[in-house]
2 protein chains.
Amino acid sequence: MGKDKSSFNLKTPKGTKDWSGSDALLRDRIFSTIADVFKRHGGTALDTPVFELREILAGKYGEDSKLIYDLQDQGGEICSLRYDLTVPFARWLAMNPDVRSIKRYHIAKVYRRDQPAVSKGRMREFYQCDFDIAGTFDAMVPDAEVLRIVSEVFEELGWNGRYTIKLNHRKILDGVFAVCGVPEDKIRPISSAVDKLDKMPWADVRKEMVDDKGLDGAVADRIETYVMHKGGRELLDRLLQDEALNANESAKAGLTDMALMMDYLEAFNVLDKISFDMSLARGLDYYTGVIYEVVTEGSAPAVQSDAPEAQKLQKSAKKDKKASEDDDRSNDPTLGVGSVAAGGRYDNLVGMFLPKAQIPCVGISFGVDRIFSITKARLEREQSAQSLRRSEVDVYVMAIGGKGFNGMLKERMEMCQKLWSAGIKAEFNYKLKPKLQQQFKAAEEGDVPFGLILGESELAEKDGIDIELASLIPALKTRLELKQSSSVASLAQQLQGTQV
Amino acid sequence: MGKDKSSFNLKTPKGTKDWSGSDALLRDRIFSTIADVFKRHGGTALDTPVFELREILAGKYGEDSKLIYDLQDQGGEICSLRYDLTVPFARWLAMNPDVRSIKRYHIAKVYRRDQPAVSKGRMREFYQCDFDIAGTFDAMVPDAEVLRIVSEVFEELGWNGRYTIKLNHRKILDGVFAVCGVPEDKIRPISSAVDKLDKMPWADVRKEMVDDKGLDGAVADRIETYVMHKGGRELLDRLLQDEALNANESAKAGLTDMALMMDYLEAFNVLDKISFDMSLARGLDYYTGVIYEVVTEGSAPAVQSDAPEAQKLQKSAKKDKKASEDDDRSNDPTLGVGSVAAGGRYDNLVGMFLPKAQIPCVGISFGVDRIFSITKARLEREQSAQSLRRSEVDVYVMAIGGKGFNGMLKERMEMCQKLWSAGIKAEFNYKLKPKLQQQFKAAEEGDVPFGLILGESELAEKDGIDIELASLIPALKTRLELKQSSSVASLAQQLQGTQV
C-alpha cells in the first residue's frame, strides 16, 4: 500500500513486460533463427507502423474489436494500435497494387486490451512472427512451402521432430457438413464446436451441437463418422472413395487440393510431420483453403515423458478454457491447446480493402511467447543454462601485478581495442586498479568463456596458456569459431569456458 | 478527391511509413551492424513496452510533453506511447535496484506527435538505436568506450573515417560562463545560444545573447574568446594553462576529466576522430558531464566534394532551421546540423524515479533514419545498388525441357528441399509448367546471383557450368561463402551473379 516517496508508480502497464538479460538474448536468438528460415525461402521484411487509422482495423475482428487499443483523439487522425500483423499486411498489399506477388515476413508486437494473465503467457502486448505468400499461383505450391518452413523453423530451434502439423481444408469441412445435412446457417457454429475436439470428448461436442446449437442428433452422428478421423495419405485415399463426399463440389475440390498437397509435402520431405486431422476447423472466418496448426507432443493424445512443458501448457490451457476459446476467434497463434503456430489460406482479405486489388494469400503465424517458454525449458533441462548468459562477451581482459601495481588500465584498454578491431567481443573492468578477484568475479558472473590476463614482469601462475601477443588473436578466433553460429540449435553445443 | 468505393482511407497515419523491399533490407543490415558492435562491447538487449504509464513520462520533457501520444482512457490505467528510449531505461533501472551496473542497448521505435516533414525525415514514428552504460566507475572509462563504439559503428557501416565526433564537457562550459561573468539565471539560455554556432556566425549568436537575452556585451565578448575554439590535445593544454579557468572549480573538474578522456581515447585509437569543440552545448538539461555529437563531412566547415549527401543535409537543415531548433530541446539524435548520433553523461536521471536508486549513466543515441539515407546514397553512388536487392535469395532453381515438357515441378521442389536443408537460400517458380523465360525474369528481378537449371535428358546449352549433383552443394557453398557477412560494409564487395 505504502507508495514510494518519489510518487511514481514504478511498473510497466498491465499485461506488458520488460525483456532483459538472458531472456532477451534467447528471444533474440529465436527471432533470428526464425527470420533466417524466412529469408532462406525468399522472404522479405515488411515493417508497418504500430498504429493504423482506426477505419483500417474496423470490421475485421468481429466482437473482438472491443479489445483494440485506441489512441486518444488529440486533434487530427483517429488511430488505433495494431491488433495483428495480417490486417496491416492486407492494407499494404491494397496500397501497393503493383505488387502482384510477395513473400513477406514481419516480426513485431501486437496489442489486445484483453484481461491479461501474465502467468499463463496471455499479455496485452506480445510478439507475432508472421510469414505470408501473396500471389496467384498453381494450386497448393506455396501452401506446401509454408509447411516446409514450419518444419525448418522447429528443426532449427532444436525441437528434433517433437511437433506435429495438424492439417485440414475448409472446403473438405464445408463439404462434410453439407453431406451430413447441416443447414447453411449452422455451418459456422457447428464448425466451431468441431474445433473443440482437441480439448473435449465427442460426447461433449455432440451435446453442444444438439442441445446448444439445435442440430438434429442424426446429423451430429453422421458428422462423427467423419471428423473423428486423423491420419495421412491412407485417410485421404479412403475419403477419395467416399461417393457421397465426392459428389459434393466443395469436398471434391478440397480433396483434390489435399492430394496435391500430400505430393508436394513429400517432395519437401515433411509428409511425416503431418497429421490430416478432420476435426481441425480454426476459428477465423476468413480462411478459404488449407488450415493448419502446429502442436507439440503433450498436446497430442499420447503425452510423452520428455515433454513436461507441453503437459504443463495443456494443464494451464484446460484451466484457461474460456480464454482459449476467446483466442479461437482470432489469428492469434496461441489458439488451441499447446499450439505453437497456426495459419491457413485466406484468398479474400485483401479485397476487403480494395476489391480490384484482390490477391490470394497463404501464411503462418508463430506464437513466439509459447515457443520461448518451451525452448527455454528444454535448454534448462539439457543443462545448457550456461548458454543462456546475459551477454555474448567472449573475452574478459584482466591484469595482475605485485606490490605497487598500477592496474594497467591503458594496457587493458589497448588490448580490448585490438580485440574489438578483430571483431572479438571483449570487456574489461572500469576501475583504475581492480583486484584480480573482482575481475574474475565479473568474468564469471557474465559467464565469459575466455579470460585474458595481462601480467607485469612476471605472468600470472594460473593454470592458463602462455601465449605470444602476435598469435593471440588468431588463436582466440580459432577457439571462438565453434561459437559463431547464432542459431538456437547450436546453443546447447557451445564451448565450455577455457582460459587462454 | 474521389474516395475509393471501398470507403477505406488507404494510407498509413500521418508521419508514419511502411518499410519494405530493399529499404527494409538495408535498414535491417544497419540495425544488425550496430547491434553487433553493441554486443562486441558487452551490451545486452533491453526491450520495454511501447507504452508506459503516463506518470512515468510526465515531467521529463518540459514543454515537449505536448508531443506525447496518449492512449485513450478505455478504463483502467492511463498510458502514453514512449517518447524516447532513455526514460524507459531509467524507469527500468529504478525498478531493478539490484542491477548496479549494466551496458544495455535498445533499438526500437519512439513516438512524437510533432508536425511531420516526411521529405526531411522528420517522422512521428521513428527508430532510435541507443547504447548506455549505467554504473559507478572510475572517471571517463565508460565515457571513452562509448566513443570507441561510435567509431566502430561508422567504420562497420563503411563510412571510412568520414565523420567527426564533436566533444565537450558540461562542467567546462559552465566554468567558462561563470569565469566570463554570465549570471546564474542566464547560463541555460546563453548555453543554448552558443550551441547554435554550428549553424550561424558568431555575430548572430552574439546578437541573440545581447539583444534577445540581455547579456552584457563585454561578457559576450569574453565568451567569444573561449567558445570559438576547437581542436585536440593542444587546445586542452592551452586551457589547462588558463589561470582564470583553472581557478573555477567546475571548469577545473571538467578539464581534468577531459585530460583523462584524451588519454583513454588514445588507448582506444579514436583520438583522431575527435574534435574538442567548445561551442558544443546540446539542449538537454539532464547532461552532467561529457557531451558529444557526431557529424559527417559537409556539416563541418570544410565541405568535401565526396560527401554531397552531407551538403544536401546541411542545405535542408538551413531551410529547416526552426525545426532543427525544436529538436534541440530533446534527446533526439537528429539534433544539430547533419548530426547522426549524439549523447553524453547524465548522472541524475534515474534518481528522478527513485532517489535511493540513483545510478550514473553515459550513453549514445544513433539517428537511424539519417544514417539510413546517407548509407543508401553512398551505396547508390558506389553502384552497389545490386546489393540493395529486395530479398537475400542466392539460388533460383529452374527447369528446362523440350516438347511435351512436364515442368519438373517435383524435381524443382526436391532440389530446393536439398538446398534449404543445407542452409542455402533458394526459390523456384510456383507454376506447374513455367516458361524458361519467366524463370529467368523472376531470378533477374530478384537479383538472385545463381541460377540452377534442371534439364530433362539433354542439359540446357546455356553458358553455365555443368556439375555433378553430389558436388553441387559444396560447390555452391564455396561460391556463396564470400557473401555470408551481414555487415553493411561488405555489401559493396558482394559477388556479381554467376550461373552454376
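The chains referred to below are lettered A, B, ... by the order of the sequence lines, with proteins before strands, and numbering in each begins at 1.
Applying the ring pair (Phe, Tyr, Trp, His ring centres under 6.0 Å) rule to Tyr111(A) yields the partners Phe51(B); only residues at least two apart in sequence or on another chain are considered. A search for ring pair (Phe, Tyr, Trp, His ring centres under 6.0 Å) contacts involving Trp92(A) returns nothing, not counting sequence neighbours.
Taking Ala94(B), Ser20(B), Ala24(B) one by one and counting their heavy-atom pairs under 4.5 Å with chain A, the maximum is reached by Ser20(B). If you tally non-hydrogen atom pairs under 4.5 Å between each of Pro49(B), Gly42(B), Ala139(B), Gly423(B) and chain A, the highest count goes to Pro49(B). The candidate from Leu46(B), Asp70(B), Val50(B) with the greatest count of non-hydrogen atom pairs under 4.5 Å with chain A is Asp70(B). The greatest number of non-hydrogen atom pairs below 4.5 Å with chain A, out of Val37(B), Leu53(B), Val270(B), is found for Leu53(B). Interface summary for chain A: among Leu409(B), Asp28(B), Asp73(B), the most heavy-atom pairs under 4.5 angstrom belong to Leu409(B).
Ion pairing between a basic and an acidic side chain is recognised when a charged N comes within 4.0 Å of a carboxylate O; Glu77(A) and Lys11(B) show such pairing.
Considering only heavy atoms from C-beta on, Asp36(B) stays 4.5 Å or farther from Lys425(A) through its side chain. Between Gln417(A) and Arg148(B) there is a side-chain heavy-atom pair separated by less than 4.5 Å. Side chains of Asp263(B) and Lys410(A) form a contact here, defined as non-hydrogen atoms less than 4.5 Å apart. With a 4.5 Å cut-off on side-chain heavy atoms, Asp18(A) and Arg91(B) count as touching. By the 4.5 Å heavy-atom criterion applied to side chains, Arg54(B) and Asn9(A) are not counted as neighbours. In this structure the side chain of Leu10(B) reaches within 4.5 angstrom of the side chain of Leu354(A), judged on heavy atoms.
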*Could you walk me through whether Ile424(A) and Arg40(B) pass side-chain contact (heavy atoms from CB on, under 4.5 Å), step by step?*
CA-CA 6 Å; Ile424(A) 294 171; Arg40(B) 191 185 296 160; over 6 Å; no
*Please test Thr48(B) against Trp19(A) for side-chain contact (heavy atoms from CB on, under 4.5 Å), starting from the C-alpha separation and ending with a verdict.*
CA-CA 6 Å; Thr48(B) 64; Trp19(A) 287 87; over 6 Å; no
*What's the verdict on side-chain contact (heavy atoms from CB on, under 4.5 Å) for Arg27(B) and Asp47(A), showing C-alpha distance, side-chain angles and the deciding distance?*
CA-CA 11 Å; Arg27(B) 197 207 54 182; Asp47(A) 176 30; 2.7 Å; yes
*Step by step, work out the side-chain contact (heavy atoms from CB on, under 4.5 Å) result for Phe137(A) and Lys431(B).*
CA-CA 6 Å; Phe137(A) 305 110; Lys431(B) 280 200 190 320; 5.9 Å; no
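For a residue to count as touching a neighbouring chain, one of its non-hydrogen atoms must lie under 4.5 Å from one of that chain's; by this rule Glu145(A) touches chain B with the side chain only. Contacts of Gln74(A) with chain B are made by both backbone and side-chain atoms, with heavy-atom separations under 4.5 Å. Looking at Ser421(A), both its backbone and its side chain come within 4.5 Å of chain B, counting heavy atoms on both sides.
A donor-acceptor pair shorter than 3.5 Å cannot be found between the side chains of Asp143(B) and Tyr430(A).
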